[in-house]
Amino acid sequence: MVKLISMKIVNLEKNFFKIFLFIFFFTGSYYSLQTGISIDEWQEQRNWEYNVALFKHIISGKNLDPEFINYPDKYYGVGFQIVSQPIQFLLSEIILKLQNINFFGAHLIAKHFVVFLTFFLSGIFVYLIFKKIIKNSYFCITAAILYFLYPYLLGHGLFNPKDIPFLCFWIICTYISLNIFTDLLDNKDLKYSKVLIIAFLSSFLISIRISGTLIFIQYLFTFIVFLKLSEIKLNSFVKSTYKKILFFILLTFLFVYLLHPVYWLNPLLFFDAINYMGKHFNDVCTLTLGKCMFSKNLDPTYIPIWFLVKLPVIILIGLILLPLTEKKIFNNKNSNIIFATLLFSSFFIPIILTVFNVHLYDELRQILFLVPLIFIVGTISLYIFSKKIFYILSFLSILFFLIENIKIYPHQYVWFNTPSRVLNLSKNFELDYWGLSGRELSENISIINEQAVRKPCVLASPLWIIKPFLDEKLYSCFGIYQDIESGFPRPFLAVQNVRNLKKGKSYKCDTIYESKFNFLFTKEDIVTGRLIKCI
């Protein structure tokens with residue numbers, strides 16, 4: 001009887017989770033298509049066009065288009081776009097019919113659905129990793145829902161075209177690699193099919209960002225832990241699996257080569273790409289705890305500060321409790337290898353990036369892939385310390401996340417945890433570096449000038465976050481925001497957003513609309529954009 005009741009409870013939990021996933025997927029998909037266009041999306045599309053042009057040039061032998069000769073961003077991967085572009089072409093036609101937007105804008109917005117799909121997929125694999133460590137379905141479902149609703153990640157998951165797909169495939173690679181090594185611990189045979197899968201996924205990860213090469217450091221650590229736990233000598237392991245090791249190495253190099261047309265020109269450019277992207281030319285200043293930290297000379301406190309203000313309180317508590325919970329977590333070989341891997345990547349990859357002075361900017365976006373790993377570590381630690389405290393804090397956090405996701409949409413990616421809100425966030429931290437407020441501001445441009453026969457010129461930087469949402473038959477005069485202090489013919493409207501928000505008032509220019517929101521438990525207005533009229 002008790003067993004029957006237990007089975008019914010488990011089935012009820014699983015059905016509830018399926019319903020949640022169904023509602024979450026369709027709600028998230030819809031709202032991903034309602035967000036604005038970020039500052040990087042035009043450049044992402046440009047990278048795709050470059051790679052298509054390069055592919056045609058190599059295959060047909062025709063001259064490369066002049067606009068793409070000496071293209072500066074040739075090392076940006078487009079692996080994700082191989083998947084997204086066909087879906088974008090299909091979905092953009094529907095968006096054109098339903099939204100007031102031009103074709104180019106609809107094509108960019110269509111990618112948001114594919115981005116959200118990868119975020120959704122990352123949550124599924126986070127859930128599967130939870131299941132490998134904690135054999136309690138109620139915990140795994142609760143922790144997964146917490147992950148899905150975490151505003152900071154969900155906000156990025158609605159549009160971020162580079163960092164979220166990278167995060168997703170890092171999690172997938174982590175899960176598959178851990179499966180391989182736990183199978184080996186259980187004396188199961190390593191099949192060539194699994195070697196093929198992990199080789200392709202690792203290559204695909206690198207095709208999104210060259211920093212995907214860091215996954216091999218994680219693999220190496222997992223391998224070292226495996227050798228220690230299995231008590232197998234390195235020589236013996238290599239002798240028994242050398243063919244599969246060579247198979248993995250060769251396939252990985254082959255897939256990396258195939259997924260990057262630029263390497264078809266010279267495979268050795270792969271090493272140049274690592275150096276180029278690790279020492280990125282863009283010396284951006286990211287306001288961090290009141291200090292302007294430039295990407296080429298980052299303070300060692302940069303990464304810790306951003307994690308402290310972006311991670312949920314429930315995760316921070318779990319991390320603080322790690323010294324008290326680690327012995328209970330490392331209670332069997334499988335848990336040892338899985339949790340040790342997550343712990344290693346969470347703490348040592350940031351150290352590696354700091355030591356080698358890798359150029360980072362715009363808070364955590366280049367290392368966003370570490371957030372799910374830290375999330376898993378902190379969640380499990382808290383659960384092991386006290387199940388009661390975990391469930392109480394999870395319930396409160398989920399309720400808090402739900403309210404705030406509605407309250408601050410579409411700016412969840414700006415989210416800060418509750419303790420950090422005692423600070424003046426606007427003066428201490430970088431906020432809307434994506435420029436997503438462009439859609440709201442452009443809608444207000446149309447409303448304000450609805451009755452005007454002659455539509456004013458509009459200044460914005462970059463233009464593509466505004467232009468797609470304005471009727472091109474009515475608005476044909478545009479300029480960059482930096483022209484606001486020049487001799488640009490007045491009157492005109494100017495969109496002040498992203499880093500331009502820090503600039504003061506210009507001559508004979510007044511704010512006529514502000515895009516803003518505020519977090520729970522704080523009265524501070526987070527301004528994401530201003531519409532300015534200059535006469």
Side-chain angles (χ1 to χ4, degrees), residues 5-35 112-160 164-165 167-172 174-175 311-315 318 342 368 371-380 382-383 387-413 415 417 520:
I5 293 172
S6 178
M7 287 177 64
K8 286 185 177 181
I9 292 173
V10 170
N11 288 332
L12 186 64
E13 289 171 1
K14 289 181 178 178
N15 289 334
F16 170 78
F17 190 46
K18 288 176 183 177
I19 293 169
F20 168 82
L21 291 176
F22 179 84
I23 295 172
F24 180 80
F25 176 76
F26 284 100
T27 304
S29 297
Y30 172 79
Y31 282 103
S32 70
L33 300 176
Q34 304 302 314
T35 61
H112 294 183
F113 166 75
V114 197
V115 171
F116 178 74
L117 185 61
T118 61
F119 172 67
F120 182 79
L121 193 60
S122 77
I124 299 298
F125 278 89
V126 165
Y127 168 74
L128 292 175
I129 292 174
F130 277 130
K131 282 186 68 177
K132 287 184 73 66
I133 303 174
I134 304 294
K135 308 302 180 184
N136 181 302
S137 62
Y138 192 52
F139 161 78
C140 295
I141 290 170
T142 303
I145 292 174
L146 199 64
Y147 173 85
F148 279 117
L149 295 178
Y150 174 22
Y152 178 58
L153 280 188
L154 175 57
H156 281 279
L158 295 174
F159 72 93
N160 188 330
I164 287 296
L167 172 154
C168 173
F169 281 92
W170 186 286
I171 287 293
I172 295 174
T174 299
Y175 176 76
L311 291 172
V313 172
I314 187 172
I315 304 303
L342 300 175
L368 202 65
V371 174
L373 307 184
I374 298 171
F375 188 96
I376 295 170
V377 169
T379 306
I380 291 175
L382 180 59
Y383 175 78
K387 294 177 177 59
K388 186 177 180 180
I389 293 175
F390 167 77
Y391 286 122
I392 291 172
L393 290 180
S394 291
F395 174 77
L396 292 174
S397 297
I398 288 171
L399 183 63
F400 178 75
F401 289 171
L402 272 171
I403 295 170
E404 202 139 70
N405 275 316
I406 296 169
K407 182 177 173 61
I408 68 176
Y409 170 82
H411 298 290
Q412 294 103 308
Y413 64 94
W415 187 87
N417 60 32
L520 289 172

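Computed from a predicted structure; not experimentally measured. In what follows, every heavy atom counts, from backbone to side chain, and hydrogens, waters and symmetry copies are set aside.
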Item to check | Heavy-atom side-chain proximity of Leu393 to Val313 below 4.5 angstrom | outcome: no
Item to check | Exam field: side chain Asn417 to backbone Leu311, donor-acceptor pair closer than 3.5 Å | outcome: yes
Checklist entry - Would you call the rings of Phe17 and Phe148 parallel, tilted or perpendicular if under 30° counts as parallel and over 60° as perpendicular? => result tilted
Checklist entry - In Å, rounded to the nearest 0.5 Å, how long is the span from CG of Leu167 to CG of Asn160? => result 9.5 Å
Checklist entry - CZ of Phe130 to OG of Ser137: how many Å apart, nearest 0.5 Å? => result 14.0 Å
Checklist entry - So, Ser32 side chain and Ser29 main chain: donor-acceptor pair closer than 3.5 Å or not? => result yes
Item to check | Considering all heavy atoms, the nearest Pro372-Ile171 contact | outcome: CB-CD1, 3.6 Å
Item to check | Side-chain heavy-atom pair Ile380, Leu342 within 4.5 angstrom cut-off | outcome: no
Item to check | Residue from Leu154, Ile145, Ile19 passing side chain to side chain contact (heavy atoms under 4.5 Å, CB included) with Phe24 | outcome: Leu154
Item to check | Considering all heavy atoms, the nearest Leu146-Ile314 contact | outcome: CD2-CD1, 3.9 Å
Next on the checklist: Nearest 0.5 Å, please: how far is OG1 in Thr35 from CG in Leu158?
Outcome noted: 6.5 Å
Checklist entry - Which heavy-atom pair separates Trp415 from Pro312 by the least distance, and what is that distance? => result CH2-CA, 4.0 Å
Next on the checklist: Looking at every non-hydrogen atom in both residues, tell me the closest pair between Thr379 and Phe375 and how far apart they are.
Outcome noted: OG1-O, 2.6 Å
Checklist entry - Hey, mind stepping through Leu21 and Ile124 against side-chain contact (heavy atoms from CB on, under 4.5 Å) and telling me if it holds? => result CA-CA 9 Å; Leu21 291 176; Ile124 299 298; 4.0 Å; yes
Checklist outcome for this item: Those residues at least two apart in sequence (or on a different chain) that pass ring-ring contact (aromatic ring centres under 6.0 Å, His included) with Tyr383 are Phe139, Phe390
Checklist entry - What's the verdict on side-chain contact (heavy atoms from CB on, under 4.5 Å) for Phe26 and Phe22, showing C-alpha distance, side-chain angles and the deciding distance? => result CA-CA 6 Å; Phe26 284 100; Phe22 179 84; 3.3 Å; yes
Checklist entry - Nearest 0.5 Å, what's the CG-CD1 distance between Leu373 and Ile129? => result 7.0 Å
Checklist outcome for this item: Contacts satisfying side chain to side chain donor-acceptor pair (under 3.5 Å) that involve residues 141-152 (not counting sequence neighbours) are Ser122-Tyr147, Tyr152-Glu363
Checklist entry - Should we count NZ of Lys135 as having more than 12 external heavy atoms under 6.0 Å? => result yes
Item to check | Spacing of Phe400 atom CZ and Asn405 atom CG [to the nearest 0.5 Å] | outcome: 10.0 Å
Checklist entry - Can you check side-chain contact (heavy atoms from CB on, under 4.5 Å) on Lys407 and Tyr409, steps first, answer last? => result CA-CA 6 Å; Lys407 182 177 173 61; Tyr409 170 82; over 6 Å; no
Checklist entry - Is the OH atom of Tyr31 crowded by more than 12 outside heavy atoms at less than 6.0 Å? => result no
Item to check | Proximity of Tyr138 and Tyr391 rings by center, below 6.0 Å | outcome: yes
Item to check | side-chain contact (heavy atoms from CB on, under 4.5 Å) evaluation trace for Phe116 with Phe113 | outcome: CA-CA 5 Å; Phe116 178 74; Phe113 166 75; 5.5 Å; no
Checklist entry - Which class fits the ring pair His156 and Phe159: parallel under 30°, tilted 30 to 60°, perpendicular over 60°? => result parallel
Checklist entry - Within a reach of under 6.0 Å around NZ of Lys132, are more than 12 heavy atoms found that belong to other residues, nucleotides or ligands? => result yes
Checklist entry - What distance do Leu149 atom CG and Glu404 atom CD have between them, rounded to the nearest 0.5 Å? => result 12.5 Å
Checklist entry - Should Tyr175 and Val126 count as side-chain neighbours, where that means a heavy-atom distance under 4.5 Å? => result no
